[in-house]
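The structure under discussion appears below in the form of structure tokens.
In the text below, chain A, chain B and the rest are named by the order of the sequence lines, each starting its count at 1.
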There are 2 protein chains.
Amino acid sequence: MKPMKISEAVVRRLPVYLQVLNDLNARDVQTVSSQELGNRLDLNPAQIRKDLAYFGDFGRKGIGYDVTYLIEKIRQILKLDQPLNVALVGAGNLGRALCNYNTYLKDNMKITAVFDVHPSMIGSAINGLTVLPMDKLKETIVARNIRIGIITVPAVEAQHVADQFVDAGVDGILNFAPTILRVQDQVRIHYANFTTELMSLAYYLDEEGEEDHHEPDLD
Amino acid sequence: MKPMKISEAVVRRLPVYLQVLNDLNARDVQTVSSQELGNRLDLNPAQIRKDLAYFGDFGRKGIGYDVTYLIEKIRQILKLDQPLNVALVGAGNLGRALCNYNTYLKDNMKITAVFDVHPSMIGSAINGLTVLPMDKLKETIVARNIRIGIITVPAVEAQHVADQFVDAGVDGILNFAPTILRVQDQVRIHYANFTTELMSLAYYLDEEGEEDHHEPDLD
DNA sequence: TAGATTGTTAATCGATTAACAATC
DNA sequence: TAGATTGTTAATCGATTAACAATC
């Protein structure tokens, strides 16, 4: 257990490594080098080695990394080797889509409670879960040991939901609403906002065209 | 038109500035300082000023930034002042949720075509759009001047869909499938993967607890 | 004028990359 | 042994922040 501070950039790359490793594993690849991983991810091999070395000596000089072993190790680092209960507020289109994605069962992360403010929603079932009213939020989160809250309500309601999550004692929030949330420092917030993503993508349209995009006619 | 290279970090902050500015605008705030924006976003005011100064002199010394003017300018920078047509492949739960989010009409970005491989889906309507078969993809993208493709299919199909998007001539792809895509360099790919987001969030659980989280009993 | 706040330069900080001894 | 590849140190690169003259 090294007391070294790991940068957020490193932590964000770990799930991506895991993604590629799972893919290699599914194709029965036994061993992979940082070079090979770098190719697949458009990342510098030295960076990958350095990232992994923060957490231990997972590779073998002259050989590379054992795929299944590295998967196991990264899963441990990300705490995916133990169950993680998640609650979701907002049983609209997006919320329901996420609930149905409980494919990530294999990663031990599971949405175990769904809430909504709308009386018409309450009591309906989504992928085996009954939608609960907001006044059951705190007791459910405590009783089911829920650590993370997902917010899929409209932007105007998001802060209010966040406050209730924090009050109920969650440690992290994943916010899909297009708004900034203010919470106590010890609660971590990640944003998953596709509008933002789409906007930054829009910036780059034609951007490369300004350099040398004079397509030679190939007829 | 300065020939300066803008870093990706800067571009990714612009939509977030826009979010906050729209919020201020909705509450009839006329003017905002970098200090105030920094407070709301947990960002250094100097960074905000520097980010904006890459694109022009939008502020007034001693006063701050005019909210509506800055919104207009950022929208121009992100090319949100002109229509941007988007196509989506994968009319499952998530795909339908995104189509129904065409709230972002006000930003001129609009999903104008939806495709799916499953015959059972084809012909059905989602938020006014008819789901089309994949063999109509290229002609539709060309005909409707679609610049961006959204992928909401399972991971194993994602690369194939990406190839078709690239072949049809899109400039950017927003990929929701949990897999890395390989495309020609001039096509830009952004990833919107909540599993990844959830995993990196999981890493931080209890992390702050190791520092000094000895909650003083307050009874 | 005094106070506030920008745009920008210089200083600092941190992250990425190159290079290489260790070793499989 | 020769070739490959790690883990790690040092060098480089780039991004963030501090500081301040300009000016509203």
Side-chain angles (χ1 to χ4, degrees), chain A residues 1-17 20-21 24 29-74 77 200 203-204, chain B residues 1-17 20-21 24 29-74 77 200 203-204:
Chain A
M1 213 51 63
K2 301 179 196 141
M4 177 168 265
K5 182 82 183 117
I6 308 296
S7 89
E8 187 164 334
V10 174
V11 174
R12 289 188 167 278
R13 282 191 291 268
L14 293 177
V16 185
Y17 297 160
V20 174
L21 290 165
L24 290 169
V29 176
Q30 308 292 311
T31 293
V32 69
S33 67
S34 59
Q35 182 63 242
E36 170 66 14
L37 282 174
N39 284 154
R40 288 175 185 272
L41 293 163
D42 271 332
L43 251 37
N44 184 299
Q47 180 170 66
I48 294 173
R49 293 200 298 278
K50 201 161 200 280
D51 284 355
L52 297 174
Y54 284 121
F55 303 98
D57 291 1
F58 302 145
R60 288 214 290 157
K61 292 185 172 69
I63 309 289
Y65 299 89
D66 181 87
V67 173
T68 51
Y69 180 70
L70 191 52
I71 287 174
E72 187 192 325
K73 285 301 175 185
I74 295 180
I77 295 163
S200 60
Y203 172 84
Y204 290 100
Chain B
M1 212 55 60
K2 301 177 196 142
M4 177 168 266
K5 181 84 183 112
I6 308 296
S7 88
E8 187 164 334
V10 174
V11 175
R12 289 189 167 278
R13 281 192 291 268
L14 294 177
V16 185
Y17 296 161
V20 173
L21 290 165
L24 290 169
V29 177
Q30 309 293 310
T31 293
V32 69
S33 67
S34 59
Q35 182 63 242
E36 171 67 12
L37 283 173
N39 284 155
R40 287 175 187 273
L41 293 163
D42 271 331
L43 252 37
N44 185 299
Q47 181 170 65
I48 295 173
R49 293 199 298 278
K50 201 162 200 279
D51 283 355
L52 297 173
Y54 284 120
F55 303 97
D57 291 1
F58 303 144
R60 288 214 292 157
K61 292 187 173 68
I63 308 289
Y65 300 89
D66 182 87
V67 173
T68 50
Y69 180 69
L70 191 53
I71 286 174
E72 186 191 326
K73 284 301 175 184
I74 295 180
I77 295 163
S200 60
Y203 172 84
Y204 291 100

Is there a side-chain contact between [X] and the phosphate of [N], meaning an N or O under 4.0 Å from OP1 or OP2?
X     : N      : result
A/S34 : D/dT5  : no
B/R49 : C/dG7  : no
A/R13 : C/dA15 : no
B/Y65 : C/dG7  : yes

Nearest to the side chain of [X], heavy atoms from C-beta on, is which of [options]?
X     : options               : value
A/K50 : D/dT5, C/dA15, D/dT8  : D/dT8
B/K61 : C/dT16, D/dT23, D/dT6 : D/dT23
A/A53 : C/dT16, D/dG7, C/dT8  : D/dG7
A/D57 : C/dA15, D/dT8, C/dG7  : D/dT8
B/A46 : D/dT8, C/dT5, D/dA18  : D/dA18

Closest nucleotide of DNA chain C for A/G62 versus for A/A9: which of these residues is on the 5' side?
A/A9

With nearest nucleotide decided by heavy atoms, which residue, A/N44 or B/R60, maps closer to the 5′ end of DNA chain C?
B/R60

For the pair made of [atom1] in [X] and [atom2] in [N], what is the distance, rounded to whole Å?
X     : N      : atom1 : atom2 : result
A/L52 : D/dT5  : CG    : C1'   : 13 Å
B/L70 : C/dT6  : CG    : C1'   : 13 Å
B/I6  : D/dG14 : CD1   : P     : 14 Å
A/I48 : D/dT5  : CD1   : P     : 13 Å
B/I63 : C/dG3  : CD1   : P     : 16 Å
A/Q35 : C/dA18 : CD    : C1'   : 13 Å
B/D51 : D/dT17 : CG    : P     : 11 Å
A/Q47 : D/dC13 : CD    : C1'   : 13 Å

Would you mind reporting whether [Y] and [X] have side-chain heavy atoms less than 4.5 Å apart?
X      : Y     : answer
B/Y203 : A/I6  : yes
A/I74  : A/F58 : no
A/R60  : A/T31 : no
B/L70  : B/L52 : yes

In the strands shown, is D/dG14 matched to any nucleotide by a Watson-Crick or G-U wobble pair with both distances under 3.5 Å, and which?
C/dC13

Across all strands, who's sitting opposite C/dA22 as a Watson-Crick or G-U wobble pair, both distances under 3.5 Å?
D/dT5

Intermediate values then yes/no, side-chain contact (heavy atoms from CB on, under 4.5 Å), B/E36 and B/Y65
CA-CA 10 Å; B/E36 171 67 12; B/Y65 300 89; over 6 Å; no

Picking from B/I71, B/L41, B/L37, what satisfies side chain to side chain contact (heavy atoms under 4.5 Å, CB included) with B/Y17?
B/L41

